[in-house]
Amino acid sequence: MTDSASAGLPTAYDPDAVEQRIYADWESSGLFHAEPDDPGEPFAIVLPPPNVTGALHIGHALYNTEDAMVRHARMTGRNAVWVPGMDHAGISTQTVVEKQLAAEGLTRHDLGREAFVDRVWEWVDEYGGQILNQLRRLGFSLDWEREAFTFDEPRSRAVTEVFVTLHEQGLLYRGNRLINWCPQCMTALSDIEVDHAETTGTLTTFVYPWADGSDGGIEVATTRPETMLGDTAIAVHPDDERFAGAIGRTVAHPFLDRELPVVADDYVDPEFGSGAVKITPAHDPNDHEIGRRHDLDSITVITPTASMAETAGPFAGMDRFEAREAVVAALDEAGLLVDRRDYLHQVGTCSRTGDVVEPLLSDQWFLQVRPLADKALDAVAAGDTRVLPPRLEKFFVDWLENLHDWCVSRQIWWGHRIPAWYCPDDHVTVARTTPTTCTACRATDLRQDDDVLDTWFSSQLWPFTVFGWEQPGDTTPELETWYPNTVMETGYDINTFWVSRMLQIGLWFLDEVPFTTIWNHGLVRDGQGKKMSKSFGNVIDPLEFIESHGADALRLALFQHCSPGTDVPLSPDWVEGARRFLNKLFNATRFALQTLDGTRPGDVPPATELGLADRWILSRLEATRAEVDTHYETWDFARMSAALYHFTWDELADWYLEAAKVVLYGDDEAAKATTRAVLARVLDDVLRMWHPLIPFVTEELWRHLTGAPGGTTSLMAQDWPTAVTTPDADVEADFAVIMDLVTEVRRFRSLNDVPPSRRFPLVVASRRGDLLTTQAELVMALAGL
RNA sequence: GGGCGCGUAGCUCAGUGGGAGAGCGCUGCCUUCACACGGCAGAGGCCGGAGGUUCGAAACCUCCCGCGCCCACCA
């Protein structure tokens, strides 16, 4: 009873024997590649470019959602493209290479800028492609012919064009403003690169004595006493009667030869502390604003390396935290210290290094975001971009409404050099190509800005630069077909960094939203729902699981918990469970191959020839198909995998295959032919529906089932199943009666255990009156009912 | 401080107005002709708490408790 088609199949599914062979076949078949003039409604996803620094981590495995979207789109006849690429990842990559240098006892300054950048390129060439090859192991159907890099020539030209154009439009400007500075990275950061950690610090209260020597003074409180060295005023609320006589007077700085005026400003909260605030315009954003309103001096007392500047007088040269304690000690000695107490507050830290961020006054480039954000807001309000899950739409609205200008310059070497040049008089010339003369003074000895752009400045252009856009007005067949992209699929954690910026810049330059759907996945967590982290020791290495369980098992385990916006718990147990399911699917197909006797999937026989079990499974198949289709409307993978899992295991394998044995192991040849036709057809549809989720095993089994040779004739190139029947409630109810009866029979170990009142139907059911052991026998026996 | 989300079986979660469910784990039985990576039968839950709406609430409303995330320039 062994069909030749199954002869080669082992009794357990072995992904090692399948996955890499299948992937190589797909890749050489050209099925991953799409052209703009291919038939079908366009469908485009651009891969959120992974950083060149990394090895594959579990977050990248969630790209499987995009693979499923694209595979499903192809099967439903759409002209689908999925574009791969990588991000040069500014600071991240520079840091990695600097660490490598440090191991050799070198810093980037030892090499100099040019040699260092060369060194990073070497590193990128050597390790950068690794991750993309790892993505192949996950089965991703990326259009490799379209691979791009945020720092390659075409993308770099686009960056320059965008920068210069925004400058011409007056939206990109250079300014001396208070920015977030990471003393460890030695660069400015944008607001969103700063984390706010709740920290127990110390609130220090001290007295500024009156400058005229009269008794007392004004009490102020601070969590950063060292900044008092840069104080240039005291502020009180204008309506605060306690200080009515103080406004206009001056206090004396205890350590520096400076007098500080008392000014009135609405910003001050009379309820907080003493009601008076020390003002340090050079080191605090609020104070900076107050300083501007009252025309106060800004005195920088902290340097980029976070030590105290010459302006700090006796404290010059100290580290900032050392100076904090020294200032307190000096205040105490001077009899000015009033109080120190624990104080819970938010401290800004660098999201990369964790170092405490220092607000510093600095010359930087800023993008005026308001006009761009407003345009994006209009688009969101108009529903041009659908957000999944829908609750996150509000997030984008809130975010865009409250945006501050974006500091885009970084004091690092790895990245797109800012296309601005300075003459000896510091006039700025912004240009597409290296200018020869200063636009302001005609000077010829020009020096290019040392800084590079925030890495997100280039990646925000990704949805259109990967399709050939290099400057405003550009159009290409790819852009006409695939812009806007259909879906932007990312983790919700980069909505601020990336997604909202793409939305703004895409609208600004191409006048259309860059994608019509934003689909957010969550974070991959461990089996207990905890965040994965090396220090917890609960990190899952996807490559390890691909080796041990196969890529499909890892993919399925992720899909089973993956709905829009939800976090995805993953443990070795989940992967193992998924692997067992694959084995079930494999063996169900193997059984079919052994009994189909060469029958290939085709049309379902006429209803008059179908048995109850046949009609039941076809009804269930159609119900499942409809449910899966529904879940594709929002790409709810958890629900669609649950529906398919339940159908495949609990209905197809546990009931229909058992019922089919009655016929297939019997001797009614006409009935056998009918059952074979139904079985082949149901399996074919099941494999198709599973394919976007678990592409390898389904491809392999489908080739055995259909005899397809692979190459361009493979499952991934087939059509998505359509209805073969309609769900029939009567049929399902009839079959449910049988299932209930069988279950009841099985519950009794022997007929003597059966209550007399139930004995008659059970005896009829069993035909033997004694214990029945296999489901096949039971279903067979009941078939006569 | 503002916003969002979540508390259902030991664990992870589905269910959102009328039978309390799934996977894993657990208990028992079974090598039976696709699969022991399997089959079958089970145990296990005042659905976070308190009020309210309703003929009826795990679900809808209010408050409370607990957990998580995002945003935020009160020293």
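Basis for what follows: all heavy atoms, side chains included, without hydrogens, waters or symmetry-related copies. The chains referred to below are lettered A, B, ... by the order of the sequence lines, with proteins before strands, and numbering in each begins at 1.
Looking at A/Arg579, its side chain comes within 3.5 Å of the base of B/rC37 through a donor and an acceptor atom.
Remark: the separation of the P atoms in B/rG19 and B/rC24 is 27 Å, to the nearest Å. Across the C1' atoms, B/rG2 and B/rG56 are found 38 Å apart, a figure rounded to whole Å. With both ends at atom P, the span from B/rG48 to B/rC11 equals 14 Å, rounded to whole Å. Remark: the separation of the C1' atoms in B/rG3 and B/rA58 is 26 Å, to the nearest Å. To the nearest whole angstrom, the two C1' atoms, one in B/rC13 and one in B/rC6, are 12 Å apart. The C1' atoms of B/rA72 and B/rA9 are separated by 41 Å, rounded to the nearest whole Å. A distance of about 8 Å separates the C1' atoms of B/rU8 and B/rA20, rounded to the whole Å. When the C1' atom is used for both B/rU31 and B/rC40, the distance is 14 Å, rounded to whole Å.
The interatomic distance linking A/His196 (NE2) with B/rC69 (C1') rounds to 15 Å, in whole Å. Here the C1' atom of nucleotide B/rG38 and the CG atom of A/Asp650 are 14 Å apart, to the nearest Å. In this structure, the CG atom of A/Asp526 is 9 Å from the P atom of B/rU12, given to the nearest Å. Distance, A/Lys394 NZ to B/rC71 P: 15 Å, rounded to whole Å. We find that CH2 of A/Trp649 is positioned 12 Å from P of B/rC37, with the value rounded to whole Å. In this structure, OH of A/Tyr267 is placed 16 Å from P of B/rA72, rounded to the nearest angstrom. When rounded to the nearest whole Å, the span between CZ of A/Phe581 and P of B/rG39 equals 12 Å. One interatomic measurement links the two molecules: NZ of A/Lys530 to P of B/rG68, which rounds to 11 Å at whole-angstrom precision.
In this model, the phosphate group of B/rC74 is not approached by any side-chain N or O of A/Tyr343 to a distance below 4.0 Å at OP1 or OP2. Residue A/Trp574 places none of its side-chain N or O atoms closer than 4.0 Å to OP1 or OP2 of B/rG25.
Pair assignment for B/rG68: B/rC4, on the basis of Watson-Crick or G-U wobble contacts that are both within less than 3.5 Å. Under the Watson-Crick or G-U wobble criterion, with both distances below 3.5 Å, B/rC29 is paired with B/rG39. Pair check for B/rC63 finds B/rG49; Watson-Crick or G-U wobble, both atom distances under 3.5 Å. When Watson-Crick and G-U wobble pairs are counted only if both distances are under 3.5 Å, B/rA9 pairs with no nucleotide at all. In this structure, B/rG44 makes no Watson-Crick or G-U wobble pair, since no nucleotide meets both defining distances under 3.5 angstrom.
Of the candidates A/Thr566, A/Asn520, A/Asp567, A/Asp567 is the only one forming a side-chain hydrogen bond (donor to acceptor under 3.5 Å, both in side chains) with A/Tyr492.
Closest contact between the side chain of A/Lys584 and the listed nucleotides B/rG68, B/rG39, B/rG3 involves B/rG39. Each of B/rC37, B/rC74, B/rC70 was ranked by its minimum atom distance to the side chain of A/Ala12; first place goes to B/rC37. Nearest to the side-chain atoms of A/Thr222 among the listed nucleotides B/rC37, B/rC35, B/rA75 stands B/rA75. Closest to the A/Asn587 side chain, of the nucleotides B/rC35, B/rC24, B/rC13, is B/rC35.
Side chains of A/Trp635 and A/Ser563: no donor on one and acceptor on the other come within 3.5 Å. Using modelled atom types and a 3.5 Å distance limit, the side chains of A/Asp265 and A/His294 yield a donor-acceptor pair. Inspection of the A/His283 and A/Glu358 side chains reveals no N or O donor paired with an N or O acceptor under 3.5 Å. A donor-acceptor pair shorter than 3.5 Å cannot be found between the side chains of A/Glu627 and A/Thr630.
A/Gln346 comes within 4.0 angstrom of a base, heavy atoms only. Using a 4.0 Å heavy-atom distance criterion, A/Thr743 is classed as a sugar-phosphate-only contact. Nucleic acid contact class of A/Gly527 (heavy atoms, under 4.0 Å, all strands): sugar-phosphate only. Across all strands, A/Ala276 comes closer than 4.0 Å to no nucleic acid atom at all (heavy-atom distances).
Nearest-nucleotide positions on RNA chain B place A/Gln528 closer to the 5' end than the other of A/Gln528 and A/Arg224. Along RNA chain B, the nucleotide nearest A/Arg580 and the nucleotide nearest A/Leu392 are compared for position; the residue whose nucleotide lies closer to the 5' end is A/Leu392.
The closest donor-acceptor contact from the side chain of A/His521 to the backbone of A/Gly491 lies under 3.5 Å.
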Exercise. Can you check side-chain hydrogen bond (donor to acceptor under 3.5 Å, both in side chains) on A/Trp399 and A/Asn495, steps first, answer last?
Worked result: CA-CA 10 Å; A/Trp399 175 255; A/Asn495 283 341; over 6 Å; no

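The aromatic rings of A/Phe637 and A/Phe559 are tilted relative to each other, their planes meeting at an angle between 30° and 60°.
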